[in-house]
Amino acid sequence: MSNSSSITEFLLLPFADTRQLQLLHFWLFLGIYLAAFLGNGLIITTVACDHHLHTPMYFFLLNLSLLDLGSISTTVPKSMANSLWDSRAISYWGCATQVFFFAFLAVAEYCVLTIMAYDRYVAICQPLHYGTLLGSRACVHMAAAAWASGFLYALLHTANTFSLPLCQGNVVGQFFCEIPQILKLSCSRSYLREFRLLVLSVCLAFGCFVFILFSYVQIFRAVLRIPSKQGRHKAFSTCLPHLAVVCLFISTGMFAYLKSPSISSPSLSLVVAVLYSVVPPAVNPLLYSMRNQELKDALRKMMSGCFSEAIN
């Protein structure tokens with residue numbers, strides 16, 4: 001039996017046992033990471049540089065891209081390094097840091113997605129009040145509240161989780177450190193305090209989900225009443241990417257944390273973890289750029305300007 005005071009490192013779940021598959025995992029994750037870095041980096045640069053995109057919708061999209069970059073940078077590089085060097089180890093404080101940043105960025109992203117649903121609701125259902133309800137000051141305050149909520153949530157849960165005595169060894173059943181996996185290593189009954197906090201967090205998350213659902217019910221009712229086909233198409237083009245991102249974020253997270261223990265296995269846990277921690281940051285830029293003509297035009301303009309400057 002061990003306790004938290006004697007643990008200096010944790011052992012993460014490996015993706016493969018053979019050297020060839022470890023290297024394959026390294027190159028696959030490197031490709032995904034570079035795609036996420038490029039996609040989110042282009043969105044951040046485009047929104048920041050094009051004054052036509054200095055609107056509440058793109059301001060929150062910039063925040064979402066920043067959070068996606070931070071989220072995938074929290075989990076993927078360490079996993080890549082372990083596969084490259086044939087290792088499973090992560091230091092005690094490295095694990096705590098990973099838990100903190102993953103929780104911080106995930107909660108902040110969920111808050112930003114909720115705010116983006118409110119932005120689309122006001123823009124479509126209450127357009128005359130859009131400038132009042134979503135002025136620049138209000139947008140900054142809402143974004144700051146989202147980041148602050150994530151920070152406080154992560155600080156509280158990380159401190160609470162790592163204050164528990166760990167009596168079940170140091171093998172983490174995931175390729176990165178996260179709160180549920182650390183709780184599995186805690187002594188019996190000692191995790192109940194953290195479990196209560198997690199239940200409260202789930203209730204708050206469900207409240208945000210209901211708000212998003214209600215917003216989109218009102219949005220689709222309003223869009224279907226728009227007489228012109230072009231107006232409906234424009235409204236859908238700004239709402240559907242956000243709805244797709246929300247569905248991807250919530251569905252993968254719910255499946256990961258609510259799936260039955262009877263269907264749990266190391267391989268399935270790894271696949272599901274990739275779906276909710278690695279895939280969304282890489283796919284979100286694609287989802288937002290596919291139907292958003294304004295963003296594509298701004299990106300094309302920026303790329304052509306950079307290309308022209310490089311030639312000259």
Side-chain angles (χ1 to χ4, degrees), residues 56-61 63-65 67-68 71 102-130 132-134 138-157 178-180 194-226 232 235-260 272-273 275-277 279-281 283-284 287-288 291:
M57 183 178 75
Y58 292 108
F59 171 73
F60 295 126
L61 178 58
N63 279 267
L64 184 68
S65 293
L67 292 165
D68 279 337
S71 178
F102 185 76
F104 166 37
L105 296 165
V107 171
E109 180 164 343
Y110 190 46
C111 291
V112 168
L113 288 172
T114 305
I115 295 169
M116 292 175 78
Y118 174 69
D119 167 70
R120 292 298 83 205
Y121 166 76
V122 175
I124 293 174
C125 300
Q126 300 184 35
L128 297 179
H129 301 285
Y130 189 75
T132 304
L133 296 175
L134 284 156
C139 290
V140 171
H141 287 168
M142 284 188 283
W147 287 78
S149 298
F151 180 83
L152 292 174
Y153 172 92
L155 186 64
L156 175 64
H157 283 277
E178 59 178 349
I179 292 173
E194 175 62 19
F195 181 75
R196 295 190 195 100
L197 287 174
L198 287 175
V199 170
L200 176 61
S201 302
V202 169
C203 293
L204 293 175
F206 182 73
C208 290
F209 173 73
V210 170
F211 178 82
I212 293 172
L213 191 64
F214 172 78
S215 297
Y216 271 98
V217 168
Q218 299 302 314
I219 286 170
F220 286 130
R221 287 178 59 187
V223 169
L224 293 175
R225 289 198 297 265
I226 297 176
R232 289 195 300 271
F236 277 126
S237 68
T238 61
C239 293
L240 291 180
H242 176 257
L243 187 59
V245 170
V246 169
C247 290
L248 179 65
F249 185 86
I250 293 177
S251 61
T252 54
M254 286 180 63
F255 181 77
Y257 290 104
L258 300 180
K259 69 179 185 296
S260 171
V272 172
L275 286 178
Y276 71 80
S277 64
V279 172
V283 173
N284 286 354
L287 292 175
Y288 271 105
R291 295 178 61 89

F60: ring pair (Phe, Tyr, Trp, His ring centres under 6.0 Å) partners, not counting sequence neighbours: none
Distance, nearest 0.5 Å, that separates CE of M116 from SG of C111: 13.5 Å
Could you give the side-chain donor-acceptor pairs of residues 139-147 under 3.5 Å, partners two or more places apart or in another chain?
| residue | atom | partner | partner atom | Å |
| --- | --- | --- | --- | --- |
| W147 | NE1 | N63 | OD1 | 2.9 |

Distance (rounded to the nearest 0.5 Å) between I115 CD1 and M57 CE: 15.5 Å
Distance in Å, H157 NE2 paired with L155 CG, rounded so as to fall on 0.5 Å steps: 10.5 Å
Over 12 non-hydrogen atoms of neighbours within 6.0 angstrom of CZ in F151: no
Backbone of L67 reached by a side-chain donor or acceptor of S71 within 3.5 Å: no
Closest heavy-atom pair and its distance - D119, P56: OD1-CB, 3.6 Å
For residues 205-218, which side-chain N or O atoms pair as donor and acceptor with protein atoms under 3.5 Å away, sequence neighbours left out?
| residue | atom | partner | partner atom | Å |
| --- | --- | --- | --- | --- |
| S215 | OG | F211 | O | 2.8 |
| Y216 | OH | C239 | O | 3.4 |
| Y216 | OH | H242 | ND1 | 2.5 |

For Y118, ring pair (Phe, Tyr, Trp, His ring centres under 6.0 Å) partners two or more places apart: none
For the student: nearest non-hydrogen atoms of F102 and S277, plus distance: CE1-CB, 3.8 Å
